[in-house]
Amino acid sequence: MARMTAARAAVEILKREGVDVAFGVPGAAINPFYAALRAAGGIEHTLARHVEGASHMAEGYTRTAPGNIGVCIGTSGPAGTDMITGLYSAIGDSIPILCITGQAPVAVIEKEDFQAVDIASIAAPVTKKATTVKEAAQVPGVFQEAFHLMRSGRPGPVLIDLPIDVQQTEIEFDPETYEPLVPHKPAASRKQVEKAMDLLAEAERPLIVAGGGIINADAAGLLVKFAELTGIPVVPTLMGWGTIGDDHPLHAGMVGLQTSHRYGNATFLESDFVLGIGNRWANRHTGALSTYTAGRTFVHVDIEPTQIGKIFAPDYGIVSDARAALELFVQVAEERKAAGRLKDLSAWADSARLRKGQLQRRTHFDDVPLKPQRVYEEMNRAFGPETRYVSTIGLSQIAGAQFLHVYRPRHWINCGQAGPLGWTIPAALGVAKADPEASVVALSGDYDFQFMIEELAVGAQHRIPYVHVLVNNSYLGLIRQAQRNFDMDFQVNLEFENINTPELGGYGVDHVKVAEGLGCKAIRVTEPDKLLPAFEEAKKLAAEHRVPVVVEAILERITNISMAGADIGQVNEFEELATEAAHAPTATVPLG
């Protein structure tokens, strides 16, 4: 048997589990692991500027391609606590990432040693498992179990905490005979799918709600095939956006209180049957359950048994991986179609498409300062179907979901449940690292952008190009809009007179100077007809210099984005709606 340090064994396992990229920040308690990483070779490491940034880079990396598992590494104490936000974001969206932390020596973990914290207990609620390994011989088994857990059932993150003496202890380990464990994924039975199809057969106006579980299962093609076989319109959730292209005739729009379309909500409210696959009935999708569920039969398919009935009791639930379920749904649909047993739903699908061509929001405004809607209109012109969009939270993300177009799975990369500010820059770097030839476009408001702005230097140092669209109104825009309900505008203003850049006129932070100071390129836009040329120039600069390029759009200070309080049937449309095709020129269905 070969002898090596436990740290070296861990690195060898990472390589045999398919890891070839990692993100992190070295430190005293994790240096033995870094020494093994350097000696073993085969894993490219990207040095983050903040350990939380490393965790979000790992998330972006995982979310970009099927089978990817992002790895983030940090030292003991605050490095682990810094990565908790990334673990929370990952578990909320069923994203497998592996977090590796250093730790004080085993003998002093309980003695308030420098930077010794019980990170396993802290991380337990936001991971599938968190372990401090106190016996070096257990390291191979703990790492093997970690990958098995991340890939089995509902995917999610794992944390492994390695005391420095454990890392340095020699153990017996033969990497040449190491084999990953086969993951377990529950699969629907034929009887279950038959019953679901029988319930569907009774419906006149059915919809499919396509969740992020379909993307995790790499099953978007099967979803589209099933929709086309049956003629059922599809409502993607925010996490499932891209499972069916926005321009597909059966794409019925998104539903919800915020990231929704007028036509999506309208079509949903006309439906009488909903088949949810790989979704969790998130509250900002459903709104008030009394409205959402009224008069509808629900079938819910999800990989996690406890997810069935968690938000409301469906009429029928199936515990299954989305791919396994959709393979059977397609098979049964093909058989029933051949036998003439599928209902003709063309009139219902046509009505959904008609609403898509009638119920639109206006995007074409010539105002100065800019209205945000015009920014997204020009983004649709500048960035094609191959674009991978990355965004986190705020009015910028909500408006982006209402106005941008996504055509492929994993081309809208968004942290859905946690929504941490600062997520976008490091996540975009992770996406660009995972797909270096991709057109990666990040979208942020000014506050999200400022939270982890230092990570732009990572892109400059490691030559990771992407385009970052920054919509700047010098406000906490989403919180300001929410504060309208409290009749206040309190502690959400970000404006100030910048003595170094008086031409900003009170917008405060000079993002162009900051981005340039971090080694990136930046363009500021104040007029609507300059947006498209700026986006085109940004693409050229990113390709030429291989660094992040920021396009800052100076917005009007206050824009209220369409939003409901609690009911998807009562969305407040604050801005002028589209009444002619020229009002929404980049809509996938021309206004008619």
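Being a predicted model, the structure only gives us computed values, none of them experimental. If you read the sequence from its start, that first residue is 1, and numbering goes on from there.
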Could you pull out the closest heavy-atom pair between [X] and [Y], with the gap in Å?
X: Thr243; Y: Ala210; value: OG1-CB, 3.6 Å
X: Arg361; Y: Ser260; value: NH1-O, 2.8 Å
X: Val571; Y: Gly256; value: CG2-O, 4.5 Å
X: Val209; Y: His285; value: CG1-NE2, 4.1 Å
X: Tyr466; Y: Ala542; value: O-CB, 4.4 Å

Could you measure the distance from the [atom1] atom of [X] to the [atom2] atom of [Y]? Nearest 0.5 Å is fine.
X: Arg63; Y: Trp412; atom1: CZ; atom2: CH2; value: 12.0 Å
X: His468; Y: Ser444; atom1: NE2; atom2: OG; value: 3.0 Å
X: Gln358; Y: Leu577; atom1: CD; atom2: CG; value: 13.0 Å
X: Leu257; Y: Ile568; atom1: CG; atom2: CD1; value: 8.0 Å
X: Leu395; Y: Asn560; atom1: CG; atom2: CG; value: 8.0 Å
X: Leu223; Y: Ile214; atom1: CG; atom2: CD1; value: 4.5 Å

Looking only at the side chains, is there a donor atom on one of [X] and [Y] sitting less than 3.5 Å from an acceptor on the other?
X: Ser89; Y: Glu59; value: yes
X: Trp241; Y: Asp246; value: yes
X: Asp567; Y: Thr291; value: yes
X: Lys356; Y: His261; value: no
X: Asn216; Y: Arg323; value: no
X: Thr424; Y: Asp448; value: yes
X: Thr64; Y: Arg388; value: no
X: Gln307; Y: His300; value: no

Self-check item: Close side-chain approach of Val492 to Tyr475, heavy-atom, < 4.5 Å
Solution: yes
Check [Y] with [X], please: is the shortest side-chain N to carboxylate O separation under 4.0 Å?
X: Lys521; Y: Glu537; value: no
X: Glu495; Y: Arg557; value: yes
X: Lys371; Y: Glu575; value: yes
X: Glu378; Y: Arg381; value: yes
X: Lys343; Y: Glu204; value: yes

Practice problem: Look at atom CZ of Arg284 and say whether more than 12 heavy atoms of other residues, nucleotides or ligands are closer to it than 6.0 Å. | Solution: no
Quiz item: Just wondering, are more than 12 heavy atoms of other shown residues or ligands nearer than 6.0 Å to OH in Tyr507?
Solution: yes
Exercise. Any chance you could lay out the side chain to side chain contact (heavy atoms under 4.5 Å, CB included) test for His56 and Met452, step after step, and finish with the verdict?
Key: CA-CA 11 Å; His56 299 324; Met452 302 199 77; 4.0 Å; yes
Practice problem: Could you give me the CA-CA distance, side-chain angles and deciding distance for Leu342 and Met197, then say whether side chain to side chain contact (heavy atoms under 4.5 Å, CB included) is met? | Solution: CA-CA 10 Å; Leu342 287 184; Met197 290 293 288; 4.1 Å; yes
Quiz item: With respect to Arg362, which candidate in Glu580, Glu576, Glu573 satisfies the salt bridge (Lys or Arg N to Asp or Glu O under 4.0 Å) definition?
Solution: Glu576
Quiz item: Going through the distances and angles, do Ile558 and Asn473 end up as a side chain to side chain contact (heavy atoms under 4.5 Å, CB included)?
Solution: CA-CA 7 Å; Ile558 292 175; Asn473 66 349; over 6 Å; no
Practice problem: Step by step, work out the side chain to side chain contact (heavy atoms under 4.5 Å, CB included) result for Met379 and Phe403. | Solution: CA-CA 9 Å; Met379 288 174 69; Phe403 298 117; over 6 Å; no
Quiz item: Between Trp281 and Phe298, does the ring centre distance come in under 6.0 Å?
Solution: yes
Exercise. Applying salt bridge (Lys or Arg N to Asp or Glu O under 4.0 Å), run through Asp366 and Arg374 and close with a yes or a no.
Key: CA-CA 8 Å; Asp366 292 323; Arg374 181 64 182 270; 2.8 Å; yes
Self-check item: Asp93 side-chain N/O to Gln417 backbone N/O, donor-acceptor pair under 3.5 Å
Solution: yes
Quiz item: Which residue, Leu443, Thr363, Val469, Leu531, forms the side chain to side chain contact (heavy atoms under 4.5 Å, CB included) with Tyr376?
Solution: Leu443
Practice problem: Begin from the C-alpha positions of Arg154 and Asp302 and carry the test salt bridge (Lys or Arg N to Asp or Glu O under 4.0 Å) through to its verdict. | Solution: CA-CA 9 Å; Arg154 180 180 180 180; Asp302 197 83; 6.0 Å; no
Practice problem: Show the numbers, then the answer: is there a salt bridge (Lys or Arg N to Asp or Glu O under 4.0 Å) between Lys225 and Glu228? | Solution: CA-CA 5 Å; Lys225 188 172 183 180; Glu228 290 176 344; over 6 Å; no
